[in-house]
2 protein chains.
Amino acid sequence: MSTEQRILEAALRIFASEGYTGATTRRIAEEANVAEVTLFRKFKSKENLLREVLLKNRAAFSSLDHLFQPEKDADIETDLRTLGKNVSKVMRENKEDGRRRMLMFMLFEEGRRRPEVAEILSSVFQMNITRLSEYFELQIKNGKMRNINPRSASITFISYFVYTSLVRGVFGDSFVGENDEEIERFIDIFTKGILKVDDVKTR
Amino acid sequence: MSTEQRILEAALRIFASEGYTGATTRRIAEEANVAEVTLFRKFKSKENLLREVLLKNRAAFSSLDHLFQPEKDADIETDLRTLGKNVSKVMRENKEDGRRRMLMFMLFEEGRRRPEVAEILSSVFQMNITRLSEYFELQIKNGKMRNINPRSASITFISYFVYTSLVRGVFGDSFVGENDEEIERFIDIFTKGILKVDDVKTR
DNA sequence: TTTAAATGTAAGTAATTACTTACTTACATT
DNA sequence: AATGTAAGTAAGTAATTACTTACATTTAAA
């Protein structure tokens with residue numbers, strides 16, 4: 001792994017966990033196992049490092065395509081259950097590949113303070129909503145879903161995972177219990193809310 | 001208004017918007033219109049000021065009781081619509097009484113970094129979930145709701161409002177459209193998901 | 001093996017931060 | 001008039017921060 005790469009990854013971790021102001025260049029350099037001066041050699045300034053971190057990692061934030069590959073024959077509930085588990089898994093990762101989670105933290109924290117952060121992440125962030133909306137639109141057209149606003153459905157769906165992930169960031173696993181079961185419950189509520197009444201499995 | 005009160009309110013605003021590290025005592029003093037030395041006279045340290053801000057304001061975070069007063073004759077959908085609008089209104093306030101929103105920001109940001117923040121806000125934060133769960137439990141017992149996990153329903157409900165509020169903090173109103181309409185849509189989806197099939201109004 | 005490039009070490013700069021100290025002013029109380 | 005209280009001003013301390021410079025060492029390339 002190149003020195004730049006090491007710095008970029010360390011910076012993402014520290015920015016996400018300490019916020020921009022709290023992330024000192026010294027701390028980032030330590031995390032990357034380089035001399036602080038090397039960081040400035042490679043990236044010139046802290047600001048620029050932040051920008052590069054975001055630009056280099058933004059793609060990870062629009063990875064719904066990767067996580068959501070509906071099968072032709074599966075029903076909506078199964079599709080969403082699979083997606084829910086994938087999203088949840090990805091949002092629980094706090095090691096190597098926890099980039100989505102880290103970017104989420106950065107978006108909601110620094111995105112409020114630094115317009116550039118919001119800008120860089122905005123389009124990829126919204127893409128997730130768009131992709132899911134498209135899926136819902138199709139299901140509505142195919143008569144499998146109620147005629148509801150697809151975007152609202154997407155927001156409802158995604159809000160659950162963002163929220164539980166944020167709360168987990170604060171309280172750990174004490175707040176949300178056994179994960180798969182919780183997701184099943186959410187999917188149950190959600191799908192009952194969006195499917196046509198005919199398709200609702202009576203319990 | 002007393003000098004202490006002015007400082008406490010200014011501190012809440014600045015801590016919420018800049019984060020703890022980003023909130024300088026100078027900035028807070030300016031906001032409160034006092035000399036910086038006065039801040040230290042009254043609160044001794046920045047840390048202590050943060051603690052006092054949280055302790056003095058935590059009650060505002062458990063205000064579901066205040067926002068949610070179900071009427072005896074109203075149905076669930078109406079109850080939740082009312083609650084949704086109240087919560088949303090409160091989460092949109094970014095002036096004087098925007099304490100809940102500010103505390104939410106602080107919980108999700110500083111709560112990750114400072115165990116004390118999480119601790120102080122934890123019980124009041126969870127009370128909201130508990131209150132709503134109790135309401136759902138009652139409705140289930142009264143046969144008005146499916147036999148689902150009340151806590152999961154509460155989390156689903158609250159996650160929508162937290163999420164939209166956070167997103168609004170980053171993107172303003174461009175992300176979520178006309179508010180009342182959006183809430184109606186969410187309530188529609190949500191109630192369809194939790195009510196007994198008999199009670200679902202066919203559309 | 002030699003040369004060039006990359007990186008480290010050490011020291012430093014200028015600005016900023018939480019906090020302190022000494023003195024002053026204005027008003028209230030004794 | 002003397003004293004106390006509350007808050008401001010100005011100056012300062014010690015530590016920290018982003019960043020720079022000069023030289024040394026290590027690594028990579030020729």
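Throughout, protein chains are lettered first and strands after them, A, B, ... in sequence-line order, and every chain is numbered starting at 1. Treat the numbers as computed from the prediction; the structure is a model and nothing was measured.
Because its NZ or CZ atom is both nearer than 6.0 Å to the ring centre of B/F175 and within 45° of the ring axis, A/R151 counts as a cation-pi partner of that residue. Within the cation-pi definition used here (under 6.0 Å to the ring centroid, within 45° of the axis), B/K46 qualifies as a partner of B/Y20.
Between the NZ atom of A/K42 and the P atom of D/dT20 there is a distance of 16 Å, rounded to whole Å. If you measure from atom CZ of B/F43 to atom P of D/dA7, you get 11 Å, rounded to the nearest angstrom. Going from atom CG of A/L50 over to atom C1' of D/dC19 covers 17 Å, rounded to whole Å. The nearest whole Å value for the distance from the CG atom in A/L49 to the P atom in D/dA18 is 11 Å. C/dT16 atom P lies 15 Å from atom NZ of B/K46, rounded to whole Å. The separation between A/F40 atom CZ and D/dT17 atom P is 12 Å, rounded to whole Å. Spacing between atom CG of A/L39 and atom C1' of D/dT20 amounts to 13 Å, rounded to whole angstrom units. If you measure from atom CD1 of B/I7 to atom P of C/dC19, you get 13 Å, rounded to the nearest angstrom.
Ring planes of A/F108 and B/Y163: perpendicular class, angle over 60° (limits at 30 and 60°).
Contact annotation: the side chain of A/R146 never approaches that of A/Q139 to less than 4.5 Å [non-hydrogen atoms, C-beta and beyond].
Between B/E47 and B/R41, the residue anchored nearer the 5' end of DNA chain C, judged by the nucleotide with its closest heavy atom, is B/E47.
For DNA chain D, the neighbouring residues in residues 19-36 of chain A, judged by any heavy atom under 4.0 Å, are A/A23, A/T24, A/T25, A/E36.
Side-chain proximity of A/V37 to C/dT20, D/dT20, D/dC19: nearest is D/dT20.
In this structure, C/dA15 and D/dT16 make a Watson-Crick or G-U wobble pair, each of the two defining distances being under 3.5 angstrom. Checking C/dT30 for Watson-Crick or G-U wobble geometry (two distances, each under 3.5 Å) identifies D/dA1 as its partner. The nucleotide C/dT25 finds its pairing partner in D/dA6, both defining distances of the Watson-Crick or G-U wobble pair being shorter than 3.5 Å.
Between B/T38 and D/dA7 there is no side-chain N or O to OP1 or OP2 distance below 4.0 Å. Under 4.0 angstrom from either OP1 or OP2 of D/dT20 there lies no side-chain N or O belonging to A/K44.
No side-chain donor from either of A/T82 and A/D79 sits under 3.5 Å from a side-chain acceptor of the other.
No donor-acceptor distance shorter than 3.5 angstrom exists from the side chain of A/R101 to the backbone of A/V90, with no hydrogens or angles considered.
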ring-ring contact (aromatic ring centres under 6.0 Å, His included) between B/Y160 and B/F190: does it pass, once the steps are laid out?
-> CA-CA 10 Å; B/Y160 174 85; B/F190 181 72; 9.7 Å; no
